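First up is the structure itself, then whatever we jot down about it.
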Protein chains: 2
Amino acid sequence: MFEEICPSSLLPFRIGGDKWAGMVLRCLEDGPRRYSELRVPLARISPKMLTQSLRSLERDGFIRRTEYAEPVRRVTYELTGLGRSLLEPLRTFCSWAEEHWDELLDARES
Amino acid sequence: MFEEICPSSLLPFRIGGDKWAGMVLRCLEDGPRRYSELRVPLARISPKMLTQSLRSLERDGFIRRTEYAEPVRRVTYELTGLGRSLLEPLRTFCSWAEEHWDELLDARES
DNA sequence: GAGCGTGGTTACCGATTGGATACCGTGGTG
DNA sequence: CACCACGGTATCCAATCGGTAACCACGCTC
């Protein structure tokens with residue numbers, strides 16, 4: 001999903017302290033996701049970093065972690081109101097990046 | 001200038017690799033600035049980091065460095081077109097941050 | 001009871017970041 | 001000559017980042 005288009009080193013912005021946070025947020029756009037569901041689109045992230053990102057986003061109030069009292073273990077992550085409100089400026093930024101992608105690459109090369 | 005309102009550790013986003021880049025860009029909003037002029041509003045940044053931010057922003061094509069062939073040494077930094085275009089999403093983000101400042105603080109505390 | 005999936009944690013370790021501090025060459029100025 | 005401002009560099013060091021790999025408890029299934 002983000003592998004090619006979002007090496008994140010090229011994107012000139014970051015959400016949260018770590019570089020994955022923005023992508024995690026975008027993965028939660030369409031509703032709650034489980035830990036293992038997040039690992040699919042974010043294949044390149046190690047479990048350690050994913051946990052770290054999730055904890056950090058939770059601490060900052062962007063996402064909510066819910067652990068279900070079911071026989072099989074089930075944990076989901078979803079955006080809070082605050083997290084959802086962040087999507088708008090985030091999208092502004094992403095569309096800026098798409099729009100200026102070529103310029104970014106040109107500037108990097110030279 | 002940014003001392004109290006922008007500890008940057010609180011701001012949930014970053015421009016460029018380093019945490020100062022966003023503030024540097026905003027300092028250049030109103031026109032070219034000299035190295036020493038930038039150090040005033042960005043009092044808390046070390047010369048090393050300021051240089052690093054400036055070099056990085058220059059490499060990425062957001063700012064332009066101009067060295068004048070004058071007897072006294074004079075160097076200015078100004079936004080390029082690309083850099084200027086980044087101001088808009090940047091401002092979107094900043095106003096988001098202002099709007100949700102209390103929520104951010106609340107989330108951090110608990 | 002061996003193995004699997006879920007949702008992680010832990011230990012280790014090299015690479016990177018970032019702060020403080022001191023220093024430097026050039027060109028004025030007193 | 002001494003000293004200052006400008007625009008940085010150089011060095012040192014501690015903290016953090018981030019990847020790999022192993023491990024773990026729990027419940028389920030074969």
Side-chain angles (χ1 to χ4, degrees), chain A residues 2-3 6-24 27-28 31-60 63-78, chain B residues 2-4 6-24 27-28 31-60 63-78 108:
Chain A
F2 291 109
E3 342 220 352
C6 250
S8 196
S9 53
L10 256 179
L11 277 186
F13 61 92
R14 276 192 188 190
I15 310 299
D18 61 294
K19 63 179 177 186
W20 302 101
M23 303 183 218
V24 171
C27 286
L28 295 175
R33 290 286 181 271
R34 306 177 60 166
Y35 186 85
S36 48
E37 287 171 335
L38 288 172
R39 299 213 58 189
V40 177
L42 300 168
R44 302 168 56 86
I45 189 174
S46 68
K48 174 183 154 186
M49 292 316 294
L50 180 53
T51 301
Q52 208 171 96
S53 277
L54 290 169
R55 293 284 180 276
S56 152
L57 287 169
E58 189 192 3
R59 182 172 45 81
D60 289 351
I63 65 176
R64 181 169 30 246
R65 180 179 184 276
T66 312
E67 194 156 349
Y68 294 90
E70 293 173 2
V72 289
R73 189 147 188 220
R74 198 159 70 89
V75 178
T76 65
Y77 298 89
E78 60 184 323
Chain B
F2 291 110
E3 342 219 354
E4 204 51 47
C6 250
S8 197
S9 55
L10 257 179
L11 277 187
F13 62 92
R14 277 191 187 190
I15 310 300
D18 62 294
K19 63 179 179 186
W20 301 101
M23 303 182 220
V24 171
C27 286
L28 295 175
R33 292 285 180 270
R34 307 175 61 164
Y35 186 85
S36 47
E37 287 170 336
L38 288 172
R39 298 214 57 189
V40 177
L42 301 169
R44 300 168 58 84
I45 189 173
S46 67
K48 174 184 153 186
M49 292 315 296
L50 180 52
T51 302
Q52 206 170 99
S53 276
L54 290 168
R55 292 286 180 275
S56 153
L57 287 169
E58 188 192 4
R59 181 173 43 83
D60 289 351
I63 65 176
R64 182 170 29 247
R65 178 179 185 278
T66 313
E67 193 156 350
Y68 294 89
E70 295 172 358
V72 289
R73 190 145 187 223
R74 197 158 72 90
V75 178
T76 65
Y77 297 90
E78 60 184 323
R108 274 287 164 108

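Protein chains get the first letters and strands the later ones, always in sequence-line order, with residue 1 at the start of each. It should be emphasised that the depicted structure is a prediction, and the values quoted were computed from it without experimental measurement.
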Nearest nucleotide by nearest heavy atom, which residue falls closer to the 5' end of DNA chain D, B:T76 or A:P47?
B:T76
Under the criterion side chain to side chain contact (heavy atoms under 4.5 Å, CB included), which of A:S53, A:P47, A:S46 is the partner of A:M49?
A:S46
For B:R34 versus B:R73, what's the shortest heavy-atom pair and its separation?
NH2-O, 3.3 Å
Per the end-axis method with five pairs at each terminus, what is the bend angle of the helix from C:dG1-D:dC30 to C:dG30-D:dC1, to 10°?
20°
For atom NZ of B:K19 and atom P of D:dT16, their distance in whole Å:
11 Å
Specify the separation, in whole Å, of atom CG of B:L38 and atom C1' of D:dC6.
13 Å
Under the side-chain contact (heavy atoms from CB on, under 4.5 Å) test, residues paired with A:R33 that sit two or more places apart:
A:L28, A:D30, A:E37, A:L38
Using a 4.0 Å heavy-atom cut-off across all strands, classify A:S46 as base, sugar-phosphate, or nothing.
base
Starting from P on D:dT16, measure out to CD on A:Q52 and report it in whole angstrom.
12 Å
Nearest-nucleotide check on DNA chain D, A:V72 vs B:V75; residue mapping nearer the 5' end is B:V75
Could you check whether any side-chain heavy atom of A:Y77 comes within less than 4.5 Å of a side-chain heavy atom of A:L57, counting everything from C-beta outward?
no
Considering every strand and a 4.0 Å limit on heavy-atom distances, what is the contact class for B:R39: base, sugar-phosphate, or nothing?
nothing
A:P71 has its side chain closest, among D:dG19, D:dC28, D:dG8, to D:dC28
Categorize A:Y68 for me: base, sugar-phosphate, or nothing, with a 4.0 angstrom heavy-atom threshold over every strand shown.
nothing
Would you mind telling me which residue lines up with the more 5' stretch of DNA chain C, A:R74 or A:K48, judged by nearest nucleotide?
A:R74
Boundaries of the chain B footprint along DNA chain C (any atom under 4.0 Å from a heavy atom):
C:dG18 to C:dG28
